[in-house]
Amino acid sequence: MPQSKLYQKTCIGSFLCFLLSLYCQSPHKPKYQFSLPEEGRLGFFQTESFPSHILLHGFQNQASHEKVSALWDSGSSQSFWNGKETSEEWKLVWEGREYTFPSFLQVFPKQFDLVIGTDFFHKTCILWSDEKIYVYESQASFCKRPDVFLSLALKFIQVRERDGHYYTQLEKEGQKVEALLDTGASFSILPETLYQNRELIESVTVHLPRGETQTRSLFKTKESIYFQTTNGELFSKQIPLFLGGISKDGKQAGKEGLWVIGLNALSQSPVFWDFSRARVAFYLQ
């Protein structure tokens with residue numbers, strides 16, 4: 001089974017979905033125009049963004065030729081078919097290339113047939129912008145020098161890769177915490193102590209993989225949190241909604257790798273992600 005170190009994977013209840021829409025999905029989100037090279041490009045996925053998750057469109061069933069959508073979950077180190085535990089493998093085609101996915105016991109809601117983890121993008125880099133994810137082979141000039149094509153507005157953050165999971169460092173009020181970059185988590189999960197001015201919205205029931213549930217505190221705040229860049233600088237980002245007081249695996253704060261930067265933070269601006277070199281950058285302009 002995939003060891004995907006996840007916490008909550010989908011928005012629970014219409015109230016939480018409404019809050020995510022209100023705080024994290026701006027109706028005036030800018031469109032970005034990039035002049036991207038063709039050299040080394042493997043293809044692209046059309047994305048469909050929801051307040052709670054993001055779907056990738058572009059796969060096709062090799063046998064039936066039916067189109068298959070996939071949940072993008074960077075918090076999972078393994079891609080898999082979300083169904084029954086069998087020895088059967090699923091063969092899909094993307095951009096003319098065949099890919100095989102193992103089948104595992106259902107760990108996500110039934111509407112997600114396919115889960116794409118970080119292993120799918122091994123030896124590639126991507127640009128996630130607007131409604132597309134562009135994929136390049138790792139030796140392409142775009143992967144090596146993305147700033148040439150995307151300008152110096154790219155802010156590379158400190159990233160550490162461990163077992164197919166990607167962690168970054170956050171800093172605020174002298175505190176430093178490490179957090180998993182997880183597009184499969186609707187909310188970010190952060191220590192309450194990072195924010196002096198926070199407002200408890202309510203206690204909510206959060207669904208974890210494999211049908212487990214936990215009750216956690218949902219907060220809102222206008223304060224920013226700071227990411228450590230590769231050149232030693234800090235830049236701020238607002239994460240207006242977050243789950244606090246508990247880690248993604250049910251443990252308390254203070255231990256390494258227990259916190260999460262979720263979709264509500266990662267989807268705010270274009271993201272460059274080089275999986276082969278463990279580099280992640282936000283486009284801030």
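Heavy atoms only: backbone and side chains are in, while hydrogens, waters and symmetry mates are out.
- For Glu98, the CD atom counts as densely surrounded, since its 6.0 Å shell holds more than 12 non-hydrogen atoms of other residues, nucleotides or ligands.
- Considering only residues two or more places apart in sequence or on other chains, Tyr226 meets the ring pair (Phe, Tyr, Trp, His ring centres under 6.0 Å) condition with none of them.
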Residues 274-284 side chain polar contacts: donor-acceptor under 3.5 Å, at least two apart:
| residue | atom | partner | partner atom | Å |
| --- | --- | --- | --- | --- |
| Asp274 | OD1 | Ser276 | N | 3.2 |
| Asp274 | OD1 | Ser276 | OG | 2.8 |
| Asp274 | OD1 | Arg277 | N | 3.3 |
| Asp274 | OD2 | Arg277 | NH1 | 2.9 |
| Asp274 | OD2 | Arg279 | NH2 | 3.3 |
| Arg277 | NH1 | Ser138 | O | 3.0 |
| Arg277 | NH2 | Ser138 | O | 2.9 |
| Arg279 | NH2 | Cys143 | O | 2.4 |

(Q) Apply side chain to side chain contact (heavy atoms under 4.5 Å, CB included) to residues Trp81 and Leu92 and explain how you reach the verdict. (A) CA-CA 11 Å; Trp81 193 263; Leu92 301 178; 4.0 Å; yes
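- By the 4.5 Å heavy-atom criterion applied to side chains, Phe112 and His53 are counted as neighbours.
- Residues Leu170 and Phe227 form a side-chain contact, since some pair of their non-hydrogen atoms from C-beta on lies under 4.5 Å apart.
- Between Leu200 and Leu218 the shortest heavy-atom distance is CD1-O, 3.5 Å.
- A 4.5 Å side-chain heavy-atom check between Trp90 and Asp113 finds every atom pair outside the cut-off.
- A heavy-atom distance below 4.5 Å is found between the side chains of Tyr195 and Ile225.
- Using a cut-off of 4.0 Å between Lys/Arg side-chain N and Asp/Glu carboxylate O, Lys132 and Asp130 are scored as not salt-bridged.
- Considering every non-hydrogen atom in both Tyr136 and Leu36, the closest pair reads OH-CB, 3.4 Å.
- The two residues Leu263 and Phe50 make their nearest non-hydrogen contact at CD2-O, 4.1 Å.
- For residues 152-202, there are no disulfide bond (SG atoms under 2.5 Å apart) pairs, not counting sequence neighbours.
- Scanning both residues, Gln158 and Thr168, for their nearest heavy atoms gives O-OG1, 2.7 Å.
- A distance of 9.0 Å separates CG in Leu114 from CG in Leu71, rounded to the nearest 0.5 Å.
- When all heavy atoms of Gln268 and Asn264 are compared, the closest pair comes out as NE2-O, 3.2 Å.
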Q. Going through the distances and angles, do Ile261 and Ile239 end up as a side chain to side chain contact (heavy atoms under 4.5 Å, CB included)?
A. CA-CA 9 Å; Ile261 297 298; Ile239 306 176; 4.0 Å; yes
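- For Tyr134 and Phe142, the distance between ring centers is not under 6.0 angstrom.
- Considering OG of Ser77 and CG of Asp119, their distance stands at 7.0 Å, rounded to 0.5 Å.
- Annotation for His57: atom NE2 counts as buried by contact number, over 12 foreign heavy atoms lying within 6.0 Å.
- In this structure, the side chain of Glu131 does not engage the main chain of Gln46 through any donor-acceptor pair within 3.5 Å.
- Remark: side-chain polar atoms of Arg160 are not paired, donor with acceptor, to backbone N or O of Glu178 under 3.5 angstrom.
- Counting heavy atoms from C-beta outward, Leu154 and Pro146 have side chains that approach closer than 4.5 Å.
- For the atom pair OG1 (Thr47) and CG (Leu56), the distance works out to 7.5 Å, reported to the nearest 0.5 Å.
- Residue Phe120 forms a ring pair (Phe, Tyr, Trp, His ring centres under 6.0 Å) with just one option from Tyr99, Phe80, Trp72, and that option is Tyr99.
- Pro191 has its side chain within reach of Trp259: a pair of non-hydrogen atoms, C-beta onward, lies under 4.5 Å apart.
- Going from atom OG of Ser224 over to atom CG of Leu194 covers 12.5 Å, rounded to the nearest 0.5 Å.
- Within a 6.0 Å sphere centred on NZ of Lys172, heavy atoms belonging to other residues, nucleotides or ligands number more than 12.
- At most 12 non-hydrogen atoms from other residues, nucleotides or ligands lie less than 6.0 angstrom from CD of Gln196.
- Under a hydrophobic clustering in which Ile, Leu, Val, Met, Phe, Trp and Tyr are joined whenever their side-chain heavy atoms come within less than 4.5 Å, directly or via other members, Tyr167 and Leu234 fall into different clusters.
- With rounding to the nearest 0.5 angstrom, the OG atom of Ser188 is 10.5 Å from the CG atom of Leu180.
- Considering all non-hydrogen atoms of both residues, Ile116 and Ala70 come closest at CG1-CB, 3.6 Å.
- Distance alone, capped at 3.5 Å, places no donor-acceptor pair between the Glu171 side chain and the Lys176 backbone.
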Q: Applying side chain to side chain contact (heavy atoms under 4.5 Å, CB included), run through Lys123 and Glu137 and close with a yes or a no.
A: CA-CA 6 Å; Lys123 295 184 179 179; Glu137 60 185 7; over 6 Å; no
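- Remark: the backbone N or O of Gly117 is paired with a side-chain donor or acceptor of Ser79 at under 3.5 angstrom.
- Side-chain atoms of Phe101 and Phe59, non-hydrogen and from C-beta on, do get closer than 4.5 Å to each other.
- Between Trp128 and Thr183, the closest side-chain pair of non-hydrogen atoms falls below 4.5 Å.
- In the hydrophobic clustering of ILVMFWY residues, with side-chain heavy atoms under 4.5 Å counting as a link, Phe242 and Ile201 come out together.
- Within the 3.5 Å criterion, the main-chain N or O of Gly232 finds a donor-acceptor partner in the side chain of Gln228.
- Note on Val93: it does not cluster hydrophobically with Phe44, by side-chain heavy-atom contacts below 4.5 Å among ILVMFWY residues.
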Q: Carefully, step by step, assess Phe121 and Ser74 under the rule side chain to side chain contact (heavy atoms under 4.5 Å, CB included).
A: CA-CA 10 Å; Phe121 296 108; Ser74 65; over 6 Å; no
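- Atom CZ of Phe219 sits about 5.5 Å away from atom CZ of Arg198, to the nearest 0.5 Å.
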